[in-house]
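Take a look at the structure below.
Below, chains carry the letters A, B, ... as their sequence lines are ordered, and counting in each starts from 1.
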There are 2 protein chains.
Amino acid sequence: MNIGDVADLSGLPAKTIRYYEDIGLVKPLRSSNGYRTFRESDAHKLAFLGRARALGFTIEDCRNLLALYEDEKRASAEVKEIAKQHLERIDGKIAELKEMRATLAHLVEECAGDHRPDCPILADLAMKRRDEDDRRKST
Amino acid sequence: MNIGDVADLSGLPAKTIRYYEDIGLVKPLRSSNGYRTFRESDAHKLAFLGRARALGFTIEDCRNLLALYEDEKRASAEVKEIAKQHLERIDGKIAELKEMRATLAHLVEECAGDHRPDCPILADLAMKRRDEDDRRKST
DNA sequence: TCTAAGGCTTCCCCCCGCTGGAAGGTCAAC
DNA sequence: GTTGACCTTCCAGCGGGGGGAAGCCTTAGA
């Protein structure tokens with residue numbers, strides 16, 4: 001298989017596949033014309049990578065997951081640990097985004113959004129720390 | 001004020017402040033020894049930037065917000081529009097993360113996490129598209 | 001047999017938003 | 001005068017690729 005075929009199969013752009021080779025995630029063979037030649041197992045790995053990345057695993061996580069995948073003597077506990085840590089990262093990000101969202105939604109609601117210059121959004125962003133603390137106390 | 005002072009005031013690292021000068025967000029003066037000299041207004045802008053960034057606004061958003069902040073004839077509608085678009089981006093990200101979270105949490109639950117190699121997490125990642133579709137139908 | 005289109009190769013730069021570090025100038029205190 | 005904390009510039013790199021140039025390779029059609 002050439003890179004285009006495996007790109008279609010895995011859903012990954014050819015550029016990404018070359019990059020994955022660069023960083024050692026896949027190791028396709030080369031045919032005499034210099035083209036990369038992907039085996040079934042390479043295509044399989046790439047699909048695996050695509051799905052792991054879609055779940056938000058980092059490249060390093062993917063490298064570890066792939067190694068565990070290939071190791072028939074792995075302990076599922078190791079895999080679970082990686083997944084659990086990732087789950088925590090995701091939860092952290094969600095919490096962070098929700099906090100931003102709450103603040104921002106509040107400000108957007110307060111803003112008239114008309115031709116006048118008065119704007120609680122800008123006022124909040126410009127506010128000094130001490131005033132902000134005051135507002136927190138009073139709210 | 002030197003960069004260290006304004007870094008303390010704004011809570012931003014000096015590196016970041018230099019970077020913000022590079023990209024034209026702040027324009028401190030220079031004293032004869034080559035040190036950057038920040039006015040009150042610069043310190044104020046940097047604090048503004050810090051808070052906008054903490055809400056997840058992109059640098060370009062920040063640039064626009066800062067321009068609106070400085071424009072006394074702005075219409076609050078413009079500010080609100082930027083904020084609303086950002087709110088949508090945040091919602092999009094939250095939704096995306098929640099979907100990842102759901103899939104991942106499900107897999108983590110299913111995995112025994114012991115010394116045995118059998119692992120539904122790896123199995124799912126390795127699964128072929130067609131099998132995945134089948135599972136969707138049957139679930 | 002020529003040609004055109006499309007695929008493949010490497011290469012290097014770009015994105016965002018910083019961050020780290022090296023090499024060196026400056027300033028205040030002791 | 002010398003230490004140590006500042007400050008300066010410049011260059012490189014993070015993650016995770018994307019864009020595009022310049023140049024082979026292959027294949028289909030006229």
Side-chain angles (χ1 to χ4, degrees), chain A residues 1-38 42-43 45-46 48-66 85-86 89-90 92-93 96-97 100, chain B residues 1-38 42-43 45-46 48-66 85-86 89-90 92-93 96-97 100:
Chain A
M1 272 192 287
N2 284 345
I3 199 167
D5 307 319
V6 79
D8 289 345
L9 277 180
S10 66
L12 296 170
K15 277 266 187 194
T16 300
I17 297 173
R18 289 193 195 100
Y19 173 66
Y20 287 173
E21 184 191 14
D22 260 20
I23 61 173
L25 287 181
V26 274
K27 296 186 174 68
L29 307 172
R30 295 288 177 144
S31 60
S32 52
N33 60 10
Y35 286 17
R36 288 168 184 81
T37 298
F38 295 83
D42 295 317
K45 272 195 204 177
L46 287 168
F48 183 103
L49 286 169
R51 285 189 285 271
R53 292 287 299 136
L55 284 178
F57 284 106
T58 66
I59 293 284
E60 280 322 294
D61 280 344
C62 289
R63 198 188 297 281
N64 294 329
L65 288 171
L66 214 43
Q85 283 182 13
H86 181 41
R89 283 200 306 264
I90 291 179
K93 279 190 196 169
E96 200 181 329
L97 285 171
M100 286 182 194
Chain B
M1 272 191 287
N2 284 345
I3 199 167
D5 307 318
V6 79
D8 289 346
L9 277 180
S10 66
L12 295 170
K15 278 269 186 192
T16 299
I17 297 174
R18 289 191 196 101
Y19 172 67
Y20 287 174
E21 185 191 14
D22 261 18
I23 61 172
L25 287 180
V26 275
K27 297 186 174 67
L29 306 172
R30 294 288 177 144
S31 61
S32 53
N33 60 9
Y35 286 19
R36 289 169 183 80
T37 297
F38 295 84
D42 294 318
K45 272 195 203 179
L46 287 168
F48 183 103
L49 286 169
R51 285 190 284 271
R53 292 288 300 134
L55 284 177
F57 284 105
T58 66
I59 293 285
E60 281 322 294
D61 280 344
C62 289
R63 197 189 297 281
N64 294 327
L65 289 171
L66 214 43
Q85 283 182 14
H86 181 41
R89 283 200 306 265
I90 290 179
K93 280 190 196 169
E96 199 182 331
L97 285 170
M100 287 182 193

**Check: Leu65(A) and His86(A) side chains under 4.5 Å, non-hydrogen atoms** = no
**Closest non-hydrogen atom pair, Asp42(B) against Thr37(B)** = OD2-O, 4.2 Å
**Fill in**
Outermost contacting nts on DNA chain D, any atom under 4.0 Å from chain B heavy atoms, listed 5' then 3', are dC6(D) to dC10(D)
**Fill in**
On a heavy-atom basis, the closest approach of Met100(A) and Ala54(B) is CE-O, 3.5 Å
**Request:** Check every strand shown and say whether Ile3(A) touches a base, only sugar-phosphate, or nothing at a heavy-atom separation below 4.0 Å.
**Result:** sugar-phosphate
**Asked** Which one, dG17(C), dG7(C), dC18(C), comes nearest to the side chain of Tyr35(A)?
**Response** dG7(C)
**Request:** Looking only at side-chain atoms of Pro13(B), point me to the closest of dG17(C), dC8(C), dT19(C).
**Result:** dT19(C)
**Request:** Determine the contact category for Arg18(B): base if any of its heavy atoms lies under 4.0 Å from a base atom, sugar-phosphate if only primed atoms, P, OP1 or OP2 are that close, otherwise nothing.
**Result:** base
Result block: side-chain N/O donor-acceptor pairs under 3.5 angstrom for residues 1-19 of chain B, not counting sequence neighbours:
| from | atom 1 | to | atom 2 | distance (Å) |
| --- | --- | --- | --- | --- |
| Asp5(B) | OD2 | Asn2(B) | N | 3.0 |
| Ser10(B) | OG | Val6(B) | O | 2.8 |
| Ser10(B) | OG | Leu12(B) | N | 3.1 |

**Asked** Is there a side-chain polar atom (N or O) of Arg36(B) under 4.0 Å from OP1 or OP2 of dT26(C)?
**Response** no
**Prompt:** Is there a donor and acceptor pair closer than 3.5 Å between the side chain of Lys15(B) and the base of dG21(C)?
**Reply:** yes
**Item:** Sidechain N-carboxylate O distance under 4.0 Å for Lys93(A), Glu96(A)
**Value:** no
**Message:** Please determine whether a side-chain nitrogen or oxygen atom of Tyr19(B) lies at a distance below 4.0 Å from atom OP1 or OP2 of dC16(C).
**Reply:** no
**Asked** Can you find a heavy atom in the side chain of Ile23(B) that is under 4.5 Å from one in the side chain of Arg63(B)?
**Response** yes
